[in-house]
Amino acid sequence: MSAIAYLKTHFIVHLLLGFVFVVSGLCINFVQLCTLPIWLFSKQLYRHLNCCLAYSLWSQLVLLLEWWSGTECTLFTDQATVDRFGKEHVIVILNHNYEIDFLCGWTMCERYGVLGSSKVLAKHELLYVPLIGWTWYFLEIVFCKRRWDEDRDTVTNGLQALRDYPQYMWFLLYCEGTRFTEKKHRISMEVAESKGLPKLKHHLLPRTKGFTTTVEYLRGTSEHPPAPASGCSLTLQLPSITSPLTSLNQHSGEISHP
């Protein structure tokens, strides 16, 4: 084992990485708080600044995945699709199999210049999580409680507000709503059978309300009709011979190739 590989497995180094992320994140959150008055006279300037601030925080996590652990994310698609990435608003549908598969989504966002402006439909509880939840609040992330009667106004108003967002954004949706496990899959397929829906082999029964609402309220924000905002479906797959995508493995520098 080389000296660098040994350092990557050392707890003190992990602690140092965490310390840097927490301290820098709190500083970024404070600066974001200071940008709130800017909203009163220039909403778009406020958004530009907060996209830059969010990028400075999220890029640390992408660096941890790509550079520190050496994980390589390979995207398989056609060239025409790639040519449009980063040049329009896109609704991206992803599967949810691994502990930190969201980092693979962020890696693609960073690769095409939309990391700071990326959006999600997030659980309401995450709003109160320091660093990530607080940063999302300043980015106008839409938080939901997964009860449509309570979420309807919050989600629709939040999506409506994003229609004039000044920077191209990827809206990342995990329609399964939770991470894939064999137990959850079995229960999900029982529900699918009871409703007369097709059984899925590698996915959970999707929650369609968030997707259809997002499409409805972001429709017309893409520069490429007739499919605005553009949609993209990505399936994350990890070869069985590699290490699983966990935060511990990434901190330890173990390589994966999704």
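Just so you know, these numbers use all the heavy atoms, side chains as well, and skip hydrogens, waters and symmetry mates.
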Step-by-step side-chain contact (heavy atoms from CB on, under 4.5 Å) determination, Leu126 to Ile132:
CA-CA 8 Å; Leu126 293 176; Ile132 292 181; over 6 Å; no
Heavy-atom check, side chain of Tyr168 versus side chain of Tyr112, under 4.5 Å:
no
What's the spacing between Asp151 CG and Asn157 CG if we round to 0.5 Å?
12.0 Å
Any Leu63 side-chain heavy atom under 4.5 Å of Gln60 side chain:
no
Nearest 0.5 Å please: distance from the OG atom of Ser118 over to the OH atom of Tyr55.
11.5 Å
Got Ser42 and Tyr46 here, is their nearest side-chain heavy-atom distance under 4.5 Å?
no
If you measure only the distance, is there a donor-acceptor pair under 3.5 Å linking the side chains of Asn29 and Gln32?
yes
Is there a donor-acceptor pair under 3.5 Å between the side chain of Gln44 and the backbone N or O of Asp164?
yes
Would you say Leu159 and Val155 make side-chain contact, with heavy atoms under 4.5 Å?
yes
Testing the 3.5 Å rule here: is there a donor-acceptor pair between the side chains of Glu66 and Thr107?
no
Are Trp136 and Lys119 close enough that some pair of their side-chain heavy atoms sits under 4.5 Å apart?
no
Looking at side-chain heavy atoms only, is the closest gap between Cys109 and Leu172 below 4.5 Å?
yes
Taking Trp58 as the fixed residue, which of Phe21, Trp106, Phe102 is the one that meets the ring pair (Phe, Tyr, Trp, His ring centres under 6.0 Å) rule?
Trp106
Considering all heavy atoms, the nearest Gly86-Val114 contact
CA-CG1, 4.1 Å
Determine whether Val20 and Leu61 fall in the same hydrophobic cluster, where Ile, Leu, Val, Met, Phe, Trp and Tyr are linked whenever their side-chain heavy atoms lie under 4.5 Å apart.
no
How many angstroms lie between CD1 in Ile91 and OG1 in Thr214, if you round to the nearest 0.5 Å?
6.0 Å
Test item: His89 and Leu162 side chains (from C-beta on) under 4.5 Å apart, heavy atoms
no
Going from CG on Leu65 to CH2 on Trp68, what distance comes out if it is rounded to the nearest 0.5 angstrom?
13.5 Å
Looking only at non-hydrogen atoms, find the nearest pair between Ser117 and Gln167 and report the distance.
CB-CB, 4.3 Å
Group every Ile, Leu, Val, Met, Phe, Trp and Tyr by side-chain heavy-atom contacts under 4.5 Å, then state whether Phe41 and Leu36 land in the same group.
yes
Linking I/L/V/M/F/W/Y whenever any side-chain heavy atoms sit under 4.5 Å apart, do Trp67 and Leu17 land together?
yes
Rounded distance (nearest 0.5 Å) linking atom CG of Leu131 with atom OG of Ser24:
8.0 Å
Would you say the side chain of Cys104 lies within less than 4.5 Å of the side chain of Leu94, judging by non-hydrogen atoms?
no
I'd like to check the side-chain contact (heavy atoms from CB on, under 4.5 Å) partners of Pro130; sequence neighbours left out, ordered by chain and number.
Trp134
Donor-acceptor contact present, side-chain His124 to main-chain Phe143, <3.5 Å
no
Identify whether Ile141 and Tyr128 are in the same connected component of the hydrophobic contact network (ILVMFWY, side-chain heavy atoms under 4.5 Å).
yes
Using side-chain contact (heavy atoms from CB on, under 4.5 Å), reason through Leu33 and Phe138 one step at a time and then give a plain yes or no.
CA-CA 8 Å; Leu33 181 64; Phe138 293 109; 4.1 Å; yes
Let me check something: do Val22 and Leu53 share a hydrophobic cluster, defined by ILVMFWY side-chain heavy atoms less than 4.5 Å apart, either directly or through other members?
yes
In this structure, CG of Leu64 is separated from OG of Ser59 (nearest 0.5 Å) by 11.5 Å
